[in-house]
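What follows is a single structure, written as structure tokens, with notes after it.
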Amino acid sequence: MTNELLNEWKKEKIVEDGDIVLAGVSGGADSVCLLLMLEQLQKKTDFLLEAVHVEHGIRGEESRKDAAFVKNLCQDHGIRCHIFSVEVPVFAEKHGLGLEEAARILRYDCYKKAAESVKKEFPEKKIRLALAHHAEDNAETVLFQMVRGSGLDGLCGMSRRRDEGIYELIRPLLAQPREEIEEFLKECGQSYCTDETNLDTEYSRNRIRHQVLPELKQINGQAVAHINQSAAFLQEMRDFLNEEAEHIREMYVVEKSDGIQLYPGVWEECHEVVQREVLHKAVGKVAGSKKDITRKHIESVRNLYFSQVGRYVELPYQVLAERNYHGILLRKETEKKRADNTFLIEIPKESLHKVFNGETLELEVPGGRVRFCGLSPDGKIEEIDKKSYTKWLNYDKIKFGLQIRTRTAGDYLTVDDRGHTKKLKEYFINEKVPKEMRDTMLLLTEDSHVIWAVGQRISADYKIDENTKKILEVHFFGGNYHESKEY
């Protein structure tokens, strides 16, 4: 194992001359093997080796004995060791976490502190954190993620190396079977610690390790190797998918002060698989984490694009996905601001009347522009445009003139042919239009009568019928991409 693996590490440049390598050493077989192997690698590569041990405060005296073992081991080999003590049970209870998750969080926090300390001493040096995960660990991770319904990232298992900012995380033993690690220590005559909690099958990972993997090895002795091969193949597929998603993101995803805007090209220019990847990354960016973002959440955002403007879905971490005129906006609910409800454009009936003489009236409005055209029915009654951003109105019903504005108190619309009316506020509530969007949604009105809430329905009083003599076509550019190519 030794020479072959050392040559592989040297070829991969998993550690380079001048680096500082912090080895996470628990005292168990895997981490002790890693420390000794890295020490031998120093004969081939000139780097500084130090160790980091985290005493979790879970197993009392046994835990402290492990810390003493690691300290003595490092002293015997002339390796500086950073030892941290944390209280995992206290942290877990305070934050409502399981012991495994709490231990992982605190452990990586200690790794970061050790790296920061070393960086102060050697600001020009590259720091690598070496962890002792091996082939069985990776197989366990893949199986664990699979049974909990993870996406592609989870099924890829552990990465061999990953940039963490202040350090690069490396897993030099990731392809090595556990039995080879133990055989190496046996040949070296090196003892190690045994953590009894690793035998407790109350923990999910331990059940996989001691019950599931042995059964899979009975089916195929190369089960662990094959799981690792599959994970490596999926990593290649994920890397390709990430490249495709990044290409789409650069073209159609824009970060704004109030969130992330997803433009229609996300839906129209790529496969559904790439869509989901783009959406997952965007939601995770706004949320600050992708941990609890499931496929169900991503599908709800995908489907939202085909809904009316004003529709929304609530996501974890207080993220709201809103269908707007330009696609979908992702943002934190706490970041939303109430708009200044002052926008108003008056359109006298004389100006509207000119469109029936061949003129076109076009006005700039927030988020786009509005165009008015005059049409003659000419038997077109059955061709009423059903698009969300193009509406046909009965011009004969307009008495004085129109306004394009945001809402005010007293606004209403007629909801049926019998003349029943509904307050605009009530309509917004029934249609689940988010409160923050209600203040910015454009309205075409005649006094307090809402003729059209842009992107929504028109008032029944202004619909065309068999007696209509003049049709006023109103088109909003900036809404649905299919309807508004030129905007």
Side-chain angles (χ1 to χ4, degrees), residues 24 26-31 54-60 62-63 66 86-111 131-160 162 169 171 173-179 181-182 192-220 222-232 234-235 238 280 284 289-297 316:
S26 66
D30 316 326
S31 61
V54 181
E55 192 272 295
H56 293 95
I58 297 176
R59 296 179 295 120
E62 289 300 314
S63 184
D66 290 352
V86 295
E87 292 293 336
V88 170
V90 175
F91 184 84
E93 182 176 0
K94 180 179 179 180
H95 296 277
L97 300 170
L99 288 180
E100 285 183 298
E101 178 65 9
R104 188 192 67 80
I105 292 173
L106 291 177
R107 188 163 58 250
Y108 277 87
D109 184 55
C110 292
Y111 293 152
L131 300 183
H133 297 112
H134 51 75
E136 274 80 1
D137 289 328
N138 198 35
E140 291 165 15
T141 297
V142 172
L143 293 174
F144 180 72
Q145 296 290 358
M146 184 181 295
V147 298
R148 70 190 293 266
S150 174
L152 182 58
D153 282 343
L155 298 180
C156 288
M158 301 177 182
S159 56
R160 189 168 175 82
R162 185 176 73 237
L169 188 154
R171 294 185 171 98
L173 297 176
L174 196 59
Q176 303 309 121
R178 168 79 180 194
E179 55 264 27
I181 291 172
E182 293 178 347
Y192 54 86
C193 304
T194 300
D195 185 346
E196 295 298 327
T197 61
N198 289 334
L199 304 176
D200 186 355
T201 55
E202 288 297 314
Y203 295 106
S204 300
R205 285 184 176 271
N206 287 348
R207 286 203 296 277
I208 294 174
R209 180 179 307 159
H210 299 297
Q211 298 175 2
V212 177
L213 277 180
E215 287 295 323
L216 293 178
K217 289 178 181 178
Q218 289 294 317
I219 297 173
N220 187 321
Q222 295 298 309
V224 170
H226 291 165
I227 292 173
N228 278 269
Q229 289 170 8
S230 296
L234 288 173
Q235 286 182 14
R238 179 190 61 189
H280 196 210
S289 173
K290 294 192 292 186
K291 181 182 176 185
D292 298 314
I293 309 299
T294 67
R295 184 185 177 95
K296 181 179 179 181
H297 294 130

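- Dense packing is recorded around CD of E101, with more than 12 heavy atoms of other residues, nucleotides or ligands lying under 6.0 Å away.
- The side chain to side chain contact (heavy atoms under 4.5 Å, CB included) check on Q222 picks up N220, A225, H226, with sequence neighbours excluded.
- Sorted by first then second residue, the salt bridge (Lys or Arg N to Asp or Glu O under 4.0 Å) pairs that include residues 138-150, not counting sequence neighbours, are E140-R209.
- Side-chain contact between K217 and V224 is present, with at least one heavy-atom pair separated by less than 4.5 Å.
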Apply the test side chain to side chain contact (heavy atoms under 4.5 Å, CB included) to residues D30 and H133: give CA-CA distance (whole Å), side-chain angles for both, the deciding distance (0.1 Å), then the verdict.
CA-CA 7 Å; D30 316 326; H133 297 112; over 6 Å; no
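- Between L213 and A139 the shortest heavy-atom distance is CD2-CB, 4.3 Å.
- A 4.5 Å side-chain heavy-atom check between V142 and M158 finds every atom pair outside the cut-off.
- The shortest side-chain heavy-atom distance between I227 and L143 falls under the 4.5 Å cut-off.
- Shown here are the side chain to side chain contact (heavy atoms under 4.5 Å, CB included) partners of L152, two or more places apart in sequence or in another chain: C156, L234, R238, L241.
- For the atom pair T294 OG1 and H280 NE2, the distance stands at 8.0 Å (nearest 0.5 Å).
- Residues F91 and V86 form no side-chain contact, since every pair of their non-hydrogen atoms from C-beta on lies 4.5 Å or further apart.
- Under the 4.5 Å side-chain criterion, counting only non-hydrogen atoms from C-beta, R171 is in contact with S159.
- Annotation: ring pair (Phe, Tyr, Trp, His ring centres under 6.0 Å) contacts of Y111 (sequence neighbours excluded): Y108.
- A 6.0 Å sphere centred on CD of Q211 holds more than 12 heavy atoms belonging to other residues, nucleotides or ligands.
- With sequence neighbours left out, the side chain to side chain contact (heavy atoms under 4.5 Å, CB included) criterion links S31 to V25, S26, A132.
- Salt bridge annotation for K94-E87: absent, with no cationic side-chain nitrogen under 4.0 angstrom from a carboxylate oxygen.
- Looking at residues two or more places apart in sequence or on another chain, you find no salt bridge (charged side-chain N to carboxylate O under 4.0 Å, His left out) involving D137.
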